[in-house]
Amino acid sequence: MFYGKVVGTVVATEKDPRFEGYKLLVVQKVDHNGAVSGEPFVAVDFVQAGRGDFVCLTKSKDASWPSARTVPTDAGIMGIIDAVTLAAGKGE
Amino acid sequence: MYLARVIGTVVASHKEPNLSGIKLLVVQDLADEGTQKSVIAADAVGAGVGDTVLVLQEGGSAREALGKPEAPINDAVIGIVDQYKGYGPESRA
């Protein structure tokens with residue numbers, strides 16, 4: 001899994017019906033310190049994350065796992081991170 | 001698969017139910033030593049911070065290694081490495 005920060009939402013009334021019941025969020029890729037480390041992208045939210053949340057995500061086919069593999073996604077928010085504890089000298 | 005060092009742990013109390021009971025480790029590919037790159041890997045062998053580990057990077061086999069067929073994961077720690085040769089930043093050159 002990789003790290004992200006929720007920065008926005010996506011509303012798409014005309015979309016694949018298999019998205020039914022799931023929220024689409026805009027997520028900024030970040031590193032384990034929370035620093036920006038990649039482009040923003042859109043992910044399916046499986047844990048009711050909110051704007052500003054530091055989250056962990058699963059990519060590719062595994063991202064659709066919790067939904068019995070029906071949701072057409074390559075990125076899924078799987079957890080809201082409370083803490084990342086790093087060994088001495090490993091963080092920024 | 002890749003070799004990595006366990007450099008930390010992640011706590012996410014609010015998470016996808018199929019992840020419960022899975023220890024989440026911060027692992028850094030040995031070839032990324034000295035950078036701020038890391039990923040979160042599910043622990044299948046009881047690895048701890050500081051261990052050098054073997055990490056599997058494919059969700060399906062990772063789920064099998066964990067015995068958790070519904071876990072939405074990408075990486076799993078499936079071995080604790082005692083010795084290795086020729087893998088590290090210089091091997092990426």
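Residue numbers begin at 1 in each chain, while the letters A, B, ... track the order of the sequences.
Highest contact tally toward chain B, considering only Gly89(A), Ala83(A), Ala87(A), is held by Ala83(A) [criterion: heavy-atom pairs under 4.5 Å]. Here Arg63(B) is the residue among Glu70(B), Arg63(B), Arg5(B) with the most heavy-atom pairs under 4.5 Å with chain A. When Val26(B), Val6(B), Leu24(B) are compared by the number of non-hydrogen pairs under 4.5 Å with chain A, Val26(B) comes out ahead.
Ile40(B) is not connected to Leu54(B) by any chain of hydrophobic side-chain contacts under 4.5 Å among Ile, Leu, Val, Met, Phe, Trp and Tyr, and they are in different clusters. Transitive grouping of hydrophobic side chains (ILVMFWY, heavy atoms separated by less than 4.5 Å) keeps Val30(A) and Val39(B) in distinct clusters. In the hydrophobic clustering of this structure, Val27(B) groups with Leu56(B); members are Ile, Leu, Val, Met, Phe, Trp, Tyr whose side-chain heavy atoms approach within less than 4.5 Å, directly or through other members. Note: the hydrophobic cluster containing Val45(B) does not contain Ile7(B) (ILVMFWY, side chain heavy atoms under 4.5 Å, direct or indirect links). Note on Val71(A): it clusters hydrophobically with Ile73(B), by side-chain heavy-atom contacts below 4.5 Å among ILVMFWY residues.
Between the side chain of His14(B) and the main chain of Val47(A), a donor-acceptor pair closer than 3.5 Å is present. Using modelled atom types, no side-chain atom of Trp65(A) and backbone atom of Asn18(B) make a donor-acceptor pair closer than 3.5 Å.
A distance of 12.5 Å separates OG in Ser38(B) from CZ in Phe2(A), rounded to the nearest 0.5 Å. Summarising the geometry, atom CD1 belonging to Ile80(A) is positioned 12.5 Å from atom CD belonging to Glu16(B); distances are rounded to the nearest 0.5 Å. Distance check: Gln28(B) CD to His32(A) NE2 gives 6.5 Å after rounding to the nearest 0.5 Å.
Looking at Pro17(B), there are no atoms closer than 4.5 Å to chain A (heavy atoms on both sides), in backbone or side chain. Proximity to chain A is absent for every atom of Ala42(B), based on heavy atoms less than 4.5 angstrom apart. For Thr85(A), the parts sitting under 4.5 Å from any heavy atom of chain B are the backbone and the side chain alike. Looking at Leu19(B), only its side chain comes within 4.5 Å of chain A, counting heavy atoms on both sides. Contact of Val49(B) with chain A is made through the side chain alone, with heavy-atom distances under 4.5 Å.
Between Asn74(B) and Asp62(A) the shortest heavy-atom distance is ND2-OD2, 3.0 Å. The two residues Met1(A) and Asp75(B) make their nearest non-hydrogen contact at N-OD1, 3.6 Å.
Contact check on Glu58(B) versus Lys61(A) returns no salt bridge, with no Lys/Arg side-chain nitrogen under 4.0 Å from an Asp/Glu carboxylate oxygen.
A heavy-atom distance below 4.5 Å is not found between the side chains of Ile81(A) and Val11(B). When side chains are defined from C-beta on, Asp31(A) does not count as touching Lys37(B), because their heavy atoms never get closer than 4.5 Å.
Residue-environment remark: NZ (Lys5(A)) stays at or below the threshold of 12 foreign heavy atoms within 6.0 Å. Other residues, nucleotides and ligands contribute only 12 or fewer heavy atoms inside 6.0 Å of the NZ atom of Lys59(A).
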